[in-house]
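Proteins come first, then strands; the chains are lettered A, B, ... in the order of their sequence lines, and each starts at number 1. Side chains are part of it too, since the values below use all heavy atoms of this structure and drop only hydrogens, waters and symmetry mates.
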Protein chains: 2
Amino acid sequence: MTMQDVARHAGVALSTVSATLTAARPVSAGTRARVEASMTELGYRPNALARGLASKRSHVLALAFPMGPAGLSRTSAEFVIGATEAAQDRGYQLVLWPFATDDAAGLLDVARQGLADGVLLMEVGTGDARVRALAEAGIPQALIGRTGDDGLPVVDIDFDATVVAAVQHLSGLGHRRIAFVNHAEHRVTEGHGPTVRAGEAYRRIVAGLGLPAQEVFAEESVAGGRVVAAQLLDAPQPPTAVLVMNEEAAFGLVAEFAARGVAIPGDVSVAAVVSTPAVAGQTVPPLTTWHAPGVALGRAGVDLLLSVLGTGEVPAPTLIGCGLVDLGSTGPAPRGGPHP
Amino acid sequence: MTMQDVARHAGVALSTVSATLTAARPVSAGTRARVEASMTELGYRPNALARGLASKRSHVLALAFPMGPAGLSRTSAEFVIGATEAAQDRGYQLVLWPFATDDAAGLLDVARQGLADGVLLMEVGTGDARVRALAEAGIPQALIGRTGDDGLPVVDIDFDATVVAAVQHLSGLGHRRIAFVNHAEHRVTEGHGPTVRAGEAYRRIVAGLGLPAQEVFAEESVAGGRVVAAQLLDAPQPPTAVLVMNEEAAFGLVAEFAARGVAIPGDVSVAAVVSTPAVAGQTVPPLTTWHAPGVALGRAGVDLLLSVLGTGEVPAPTLIGCGLVDLGSTGPAPRGGPHP
DNA sequence: TTGAAAGCGTTACCAT
DNA sequence: ATGGTAACGCTTTCAA
């Protein structure tokens, strides 16, 4: 079932069938009708490989998917879903390239096989070797997460806006001691974008509101969450509200609060930022969440890559904030000052 | 940088370069050496599209990835990881095809474009329309999850062996009243494989051990878990051990036990089956888990599809059991009979 | 063992 | 507006 078969069936030249499909040149209404009739009658589907080879556009996009536990997070999964759907909507297919973020060589190797028209890079770090490798090879790319460098096509979560919104939300409820539970401290020294950016935003906004900053770092585990919960409660000035950007730790935090008889949101308000209700909603009580825009980010990433592919231009970075999902774990600041 | 360039550089015919690459015909050691030298010197990478077009083998596998929340589960994510890695190991690439399980037409449409050599179907249901559609179109496929039909290439979780192992584990600890928390009841009528199979296995094994069966169905939510927890505790003969095959409900179950002062594992032993420590380990206390073999299943699925592709034969179904991850939530049956 | 040439199923260009 | 034909970059005969 090739294009030639369709041409024969419709009594036209092969090139006319191609033109009917691609609109690369005018085709008269009558001819178009006959060709299309033949195509549906024969059940013809153009061959993707041949089309890609001849046109030098495979209509395949690659997603460089980082191996390791980070790649398994709910938000990563949502990202993949979003990217896959967007690709589909745009008439593209998405291939998964499982490479560690430091395996630029491996990535380049498969990239140069020409299956994909461009590459979407997840978990981009400062001075990412993959970015340079692809750039040197002339392979179009789009990045998820900002690097230090500028002038690259990037989409990212708007950590700043999200943290600001969350702090303002709590401040609006009358809280004046709003703590922030960040990722593990070593992430800062590693230059982990989310950790650094969210921390900066937090310190800036509380300062701007004239509130004290209370930023703590938690290991990414339930135990890590318990540790910081204790740390916060035992402080001379315990917070009346806690923002947590650490999904694993959130479970421990809630558990430790419960164990100490600290009620949420009665005694302390708690909210998860850059998480998802599917995870942060599984604690008891479920946590009000600023939902990480995984799906939207995936879609934006694909659109960004396609725009790079189409125009060769590099648009300004796209930042997407988190939406609020109120599950009831925040409330007015307790009147009688610090809780028990 | 084409094969022709390499041939020229090495002073051989184009077909000899091809032969060096594919071993489709003998090449003398000397020639091979010169060709390989030229390839590395020029940094040559064969073009995947051209290779696929000429050989009628794209070395691309498709993963029909179900849309909707099910596709976002941790186990699904692990499956995708496993399949992607396996494909990579075998020299294949994996494309994601996001289609609802009932969108056989959409799936067929893209499948017939010939980009993929074969399709891996996730979340296969009884009488799955996708299976028939692909079969009629002559497109190789492999299935994750058994259908009613026989003679199809299938890999699946060994629910039976897993449930049996879990019940025996608890029975070995002296428990005689071992409850089973299954998925929602409507799943049974829908013919949802895991729900049906695990339920059957549970009833069979407890009967075999001479123990009473206590199977309950929970909505897939924290609230659903609380409901069944209450139901179990309020029964005339409360269980001393509970097996949960419902990740969302597990959180509610543990919470309700805690709220009622029922200690785990002091008063009641609890274990998750067909889950993952990454999820079931986030309750407090973390739950001993029979870890769903997502990664292994993904790998097995790819290998199955490749074997179908290679031989045309349909191997017998492959069933993979869950491994035990003991997180301490099970213990000896309480001596004094039923707990408080 | 090697070279030459005919496909693979399209697109893109050049005539007509 | 349409037909013919040369690429696209490789695999696969078929000769030599």
Q) Would His291(A) and Glu78(A) count as a side-chain contact (heavy atoms from CB on, under 4.5 Å) if you check the C-alpha gap in whole Å, the side-chain angles of each, and the deciding distance to 0.1 Å? A) CA-CA 11 Å; His291(A) 187 169; Glu78(A) 289 183 359; 3.3 Å; yes
Q: List the steps and the verdict of side-chain hydrogen bond (donor to acceptor under 3.5 Å, both in side chains) for Ser15(A) and Ser18(A).
A: CA-CA 5 Å; Ser15(A) 59; Ser18(A) 175; over 6 Å; no
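With salt bridges taken as basic N to acidic carboxylate O contacts below 4.0 Å, none links Asp117(A) and Lys56(A).
As rounded to whole Å, 12 Å separates atom C1' of dA1(D) from atom CZ of Arg34(A). Remark: C1' of dC8(D) and CG of Asp117(A) are 14 Å apart, rounded to the nearest angstrom.
Contact annotation: Thr16(B) side-chain N/O to dT1(C) OP1/OP2 distance is not under 4.0 Å.
Looking only at distances, no side-chain donor or acceptor of Arg130(B) sits under 3.5 Å from a matching main-chain atom of Ala104(B).
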Q: Sugar-phosphate means primed atoms, P, OP1 and OP2; the rest is base. With that split, encode nucleotides 6-16 of chain C 5' to 3' as B, S or - using protein heavy atoms under 4.0 Å.
A: -BBBBBBB---
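Annotation for Arg132(A): atom CZ does not count as buried by contact number, only 12 or fewer foreign heavy atoms lying within 6.0 Å.
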